Structures are given as structure tokens and as C-alpha cells.
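Notes follow the structure.
Remember, predicted model here, so these are calculated numbers, not experimental data.
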Amino acid sequence: MASTCDSLIEDIEDMVSFSDPTPQERQSIRKSIIPRSRKKKELMCNEELQADSLIPGTQKIWMKTWGCSHNSSDGEYMAGQLAASGYKMTDDPTEADLWLLNSCTVKNPAEDHFRNSIKKAQEQEKKVVVAGCVPQAQPRMDYLKGLSIIGVQQIDRVVEVVDEAVKGHSVRLLGQKKDGGRRLGGARLDLPKIRRNPLIEIISINTGCLNACTYCKTKHARGDLASYPIEELVERARQSFQEGVCEIWLTSEDTGAYGRDIGTDLPTLLWRLVEEIPEGAMLRLGMTNPPYILEHLEEMAKILNHPRVYAFLHVPVQSASDSVLMDMKREYCIDDFKRVVDFLKERVPGVTIATDIICGFPGETEEDFQETIDLVKCYRFPSLFINQFYPRPGTPAAKMEQVPAHVKKQRTKELSQLFHSYNPYDHKVGERQHVLVTEESFDAQYYVSHNKFYEQVLVPKRAEFKGKMIEVDIYEAGKHFMRGQPVEDSKPFTPSIAAPLQKGEVSGLMQVNTHTHTHAHMYPYQMIQYHRKRRSLGKLPYLTLLSIFKYVAVKCYTPTSNQ
């Protein structure tokens, strides 16, 4: 049987069928065709080039952060990423194009300030991006409608959100990050940041907590405990000291619970960190709740006695009444708290114990409150954070029977008067102390330093003292501070191993010289943004790109002299 392909086509013209017109017929038809001029559309005649004048990365951004040091750390990371991407961070809200508002949900007043700032920004026709615990816990609040939101675990994507907000788009990133089913901590620790104080590094060692306190709204935002691996924390501390930092603060919702989700504990982390601290530099521990410090008291006493660790611990008691503590679901009794304080005072002479107290928790009786008064009289805490109870929406305590407002105010006032009735530092006048100078006082008249017990000592404002360990004689004491006179012939000691970064300078990145016109003096993060905007890196994830550029920077380029 003959194949359909047996007959070869010798030329393309052989494919013309018998029904097609001949060449002569085509020519005859053409003669009857009259060319007609096409009328140009009016739009094409008057067309103008349409361009988007809002180019992300060129705007000025003002950022406001409320709340704890954990929130401050998140704010530093967001500012660093934005600055490295080309945005200019400004201290003047009026000149900013966009306001980035990083909120706190612990108390009503903090949320009120946050809400008022949003309203003020909108009245001034500013773009707004919100972050922090308030929108994470309550993203459907009416006053957040239409606003871009960055979740507490999404701050590594702040540039993307701000880029879209600048263009007028609303973006919300509120997801939880997991690895193999296990909840991860917050942002990566190797992201760029701008430290509010170039001499102080704030490191979040974990996010979330194990408690379920009935009054706490932060749990709704930060969730359950998620700890960073020890190696990542040690590397972040090491890098900080290489950038001239002389003081590290460890922070989280509960530092004492660190590591319980990853098979380690707080003392193990602290001993590793101590190995990285240069002589003269200091480490400050963050807040820890009583239940999770009890089993580590021996090791914690040894660590707090270390010469490069402040003998300071923040242990919130909240109330001295066991019945109130039970209603709060604090998971300890007042004897547990006393055991922690008594043990540390005995094993760490001079240790500073800071604590928190809530006045007027639902169901608190006069007898309950009197127990709290007696506790303060007994221990005379040098640092006491007094909070009037505020019912936070969505918490169990908000549904409990409330103490009358005037009673809460009276108890808050009474406790405050007791606290201000004693001066904890009077006995220290005449002492000679070594202090680490890290910042300027609010009135700009002094430098602020801290001694071994993290007690505030004001010293003369001399440029050569900033970031140094100096020796002073205490000549005056106030309620919250002491004043020290530098000892003659005593030379300031420089604890940092490198010159500190300038205020506003991006931290956490290695600057490289590429010897090319395109990328000269760019940070790896900036190189990523440069290529992303030119679509030359495809859709590779950001963290993959950062790892690639850091590897190239280390292998191929020469670091600048201050690294």
C-alpha cells in the first residue's frame, strides 16, 4: 500500500490546490481594489508617555516604636533593611513620605497612642504601614482597615510591604513561619539593622512564651515559645562586638524559658555568650518569670557573678497574693518568687532585682493588696514597674468582675508613694565603682553609665568617656540614679574591639569592594535589591540570595578597614 508520503513535493507551488485563483486572476482582482487611508485614532495622535513617578526606595520614612526591648529590636531590623534598600530614615515625621508604626499591645494607653498616630498620619496624608503586636493580635480592628500590616514574624519582608504601600497598595503579611512543623522564632538574626544606640546590641533569644496569663494580650501576637539556635545567637553577638558594640541586652517575652522547645536551656546559652564578650564589655539579661528560673538558680548565680555580666535580673511578681496569682494563671506562688530573690541576694552580693506589680487585678481584695504592700516594704526593690490594671479585649481577665476604677487608681497611688518613700542608693555615696558609659542623659547634661549591678550613674559629658569603662567616686545619690566623679589619673578603658558604627549606619552587613562601577561599595543586601529591581535574579528567595552574596563577599572581596 502506497504511503501518503510516497509522492514527493518538488516545490512549494505544488501545494496550491486546483480551486485557488491563478496568478493572472489575482492580478485582475488587484486592479479593482482602491486603497483607503486609515484614520488614526484620536488617542494615538494625542498620546503622552505615562510613567509612575512613585519609585519605591527613594522615599523618606519615619518610624515610631512603642513597648519592650523586643519590639525595639524588631524596629532596628526593619529600619536597617529599609535603609539598605535605599529608603532614607528620618527623625522628622513631617518630612517623611511614609510612617512605619511599630505597636505594643500590653496596655490600653500604648494602643491609644498607636491609634492616634495612625489618625494623625492620615490627616497629614502620609502613607502608613503598621507593625508590632497590635495588628498581629487584632488585624480586623476598624482603624486598621486598608492599612498595610507587617506581622511580628514577617519583619524580614518589610521592604516588600513598604514598596507596595508607597505605590498605594495594601499588603498584609501575618503568617507564622515553621520548619518541619516546628514554629520558628522571629526574623533572621543576620538581617541588616540600624541600632538606636550604636554601642548597644539588643538580641531576641526567643519569641513567645509558655505561660497563658489571663491578662496578657502579647501572647495573642507572639504565640508559643520559639527559640533561636545557640550558634545563631553566638554569631550575632560576635558580629556585634566586631562593629564596636560594648553592651548586649538579651530580650524576649520570657528569657528564662529559653531553649525548652529545642532541647537546651538559658545557662547553656549564657556560658557560650560569655566566651565572646571582650574585657570591659557587659551582658544584660532580660525579663524572666519565676517558674523557669527556679531550676537554674545555682547556675544563674554563677553567671550573674561573672565580671562581664551585670548582676541584674528582672523577675516580675505582679502580685504577692496567691489567690490573685492563681486568677492570673502565673504558675507560681509567692513563696517561689521569694525563694528566687532570697537565693540570688545570698549568692550574688549586691544583685539588683527589678520587678513588676499590677494594681487592681479583677478580684483583688484589700487583703490581697496589703500582701503586695508588705512585699515591697520587705524587699525595697530599687527598680519597680507599677501598672494599673487595664482589661485587654479578648483576654479572660477582661471578662472577670472588675475592681472599680477609683479603687485601682488609689492602690496605684498608694504603692507609688511607698516606692518613692525610700532611696535605694544612699548607702553607696563614697563608693568607688567601675562604670560603662553608653548613652546621653535625657537632659543632655550628662553621660549615662551603669555599674556592675546595672545601677544608673551619671558622669561628666566628656567625649573620651563614650563607650568606655571608667572609674568614678560616687558623690551623690537620687531615687533612680547616682552621680560619679571620674577618678584622677584613672584612664578610660576601651572594651570594644573595633570602632563603633556611626549613628544611623546600617549594621549586620559586610561592606565589600567589587572593583566594578556597578557594585562598588555596595552591601550584599543592597546588591540583592539592585538586581531584584532589574529582574536579573529571577525569583530566588531573599535568604538564598543573601547567602550567595555573603559567600561571594567573603571569598572574593576585601573588607574595609573598620570591619
Side-chain angles (χ1 to χ4, degrees), residues 106-107 109 215 287 290 310-325 328 330 333-346 348-361 363-390 403-431 433 435 441-443 445-446 448-458 472-484:
V106 171
K107 292 187 285 188
Y215 58 83
M287 185 273 287
Y310 286 118
F312 167 89
L313 200 61
H314 180 191
V315 188
V317 64
Q318 306 301 7
S319 173
S321 164
D322 283 341
S323 63
V324 173
L325 291 175
M328 291 179 171
R330 289 292 287 168
C333 62
I334 192 60
D335 285 342
D336 292 332
F337 174 81
K338 290 180 178 179
R339 181 183 164 203
V340 170
V341 176
D342 293 342
F343 185 93
L344 293 178
K345 279 182 169 290
E346 179 186 349
V348 188
V351 65
T352 296
I353 301 294
T355 195
D356 300 0
I357 289 175
I358 296 175
C359 294
F361 186 82
E364 182 187 63
T365 65
E366 285 296 334
E367 292 76 16
D368 294 329
F369 179 65
Q370 189 58 49
E371 290 184 77
T372 300
I373 290 287
D374 292 341
L375 182 78
V376 175
K377 286 180 178 178
C378 175
Y379 287 102
R380 296 167 68 91
F381 300 104
S383 182
L384 178 61
F385 303 95
I386 301 170
N387 303 289
Q388 180 178 315
F389 175 75
Y390 290 97
V403 172
H406 72 278
V407 175
K408 290 192 289 187
K409 288 182 181 178
Q410 178 58 36
R411 290 176 184 173
T412 302
K413 181 180 178 181
E414 184 178 344
L415 187 58
S416 297
Q417 288 174 340
L418 170 60
F419 174 60
H420 285 94
S421 69
Y422 59 86
N423 292 322
Y425 306 129
D426 284 352
H427 67 286
K428 299 207 170 188
V429 173
E431 286 187 2
Q433 302 178 351
V435 297
S441 62
F442 285 115
D443 61 7
Q445 300 300 308
Y446 297 91
V448 177
S449 66
H450 293 90
N451 59 20
K452 162 68 177 172
F453 309 103
Y454 203 69
E455 296 162 338
Q456 184 171 275
V457 180
L458 303 179
V472 298
D473 289 324
I474 303 301
Y475 66 89
E476 184 182 347
K479 175 62 181 174
H480 301 287
F481 64 89
M482 293 170 274
R483 285 192 174 93

Please step through side chain to side chain contact (heavy atoms under 4.5 Å, CB included) for the pair Tyr422 and Val376, ending with a clear verdict.
-> CA-CA 11 Å; Tyr422 59 86; Val376 175; 4.0 Å; yes

Could you give me the CA-CA distance, side-chain angles and deciding distance for Ile334 and Glu371, then say whether side chain to side chain contact (heavy atoms under 4.5 Å, CB included) is met?
-> CA-CA 10 Å; Ile334 192 60; Glu371 290 184 77; 5.7 Å; no

Step by step, work out the side chain to side chain contact (heavy atoms under 4.5 Å, CB included) result for Tyr215 and Ile358.
-> CA-CA 10 Å; Tyr215 58 83; Ile358 296 175; 3.9 Å; yes

Run the side chain to side chain contact (heavy atoms under 4.5 Å, CB included) check on Lys338 and Leu375 step by step: do they pass?
-> CA-CA 9 Å; Lys338 290 180 178 179; Leu375 182 78; 3.8 Å; yes

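Listed here is the closest heavy atom pair of Val403 and Gly363: CG2-N, 4.0 Å. For Leu325 against Cys333, the heavy-atom pair with the smallest separation is CD1-C, 4.0 Å. The nearest pair of heavy atoms linking Glu364 to Cys359 is OE1-C, 4.1 Å. Nearest heavy-atom pair across Tyr425 and Gly478 is CD1-O, 3.7 Å. A pairwise comparison of heavy atoms in Pro424 and His427 identifies O-CE1, 3.0 Å as the closest pair. Of all heavy-atom pairs between Arg330 and Pro290, the closest is NH2-CD, 4.4 Å.
The CD1 atom of Ile373 lies 9.5 Å from the CD atom of Gln417; values are rounded to the nearest 0.5 Å. Here the CD atom belonging to Glu455 is positioned 6.5 Å from the CD atom belonging to Gln433, to the nearest 0.5 angstrom. Here the CD1 atom belonging to Ile474 is positioned 12.5 Å from the CG atom belonging to Asp426, to the nearest 0.5 angstrom. Expressed to the nearest 0.5 Å, how far CZ of Phe337 lies from CD1 of Ile353 amounts to 7.5 Å. If you take CG on Asn387 and CZ on Phe361, they are separated by 13.0 Å, rounding to the nearest 0.5 Å. The distance from the CG atom of Asp322 to the CE atom of Met328 is 12.0 Å, given to the nearest 0.5 Å.
Checking Ser321 against Ser323 by side-chain atom types alone, a donor-acceptor pair falls below 3.5 Å.
Between Glu366 and Arg411 there is a salt bridge, since a side-chain N of the basic residue sits under 4.0 Å from a carboxylate O of the acidic one.
A donor-acceptor distance shorter than 3.5 angstrom exists from the side chain of Ser441 to the backbone of Tyr446, with no hydrogens or angles considered. Between the side chain of Thr372 and the backbone N or O of Ala320, at least one donor-acceptor pair lies under 3.5 Å. Counting only distance, with no hydrogens or angles, the side chain of Lys408 and the backbone of Phe389 share a donor-acceptor pair below 3.5 Å.
Between Phe312 and Tyr454, the ring planes lie tilted relative to each other; the angle falls in the 30° to 60° range.
Geometrically, Lys479 engages Phe419 in a cation-pi contact, judged by NZ or CZ lying under 6.0 Å from the ring centre and within 45° of the ring axis.
Residues Phe369 and Glu414 have side chains in contact (heavy-atom distance under 4.5 Å, counting atoms from C-beta outward). At a threshold of 4.5 Å between non-hydrogen side-chain atoms, the residues Phe385 and Pro316 do not count as touching. Side-chain contact between Val341 and Tyr379 is present, with heavy atoms from C-beta onward closer than 4.5 Å. At a threshold of 4.5 Å between non-hydrogen side-chain atoms, the residues Gln456 and His450 count as touching.
The only option from Thr352, Thr355, Asp356 that meets the side-chain hydrogen bond (donor to acceptor under 3.5 Å, both in side chains) definition with His314 turns out to be Asp356.
Heavy atoms from other residues, nucleotides or ligands lying under 6.0 Å from NZ of Lys428 number more than 12.
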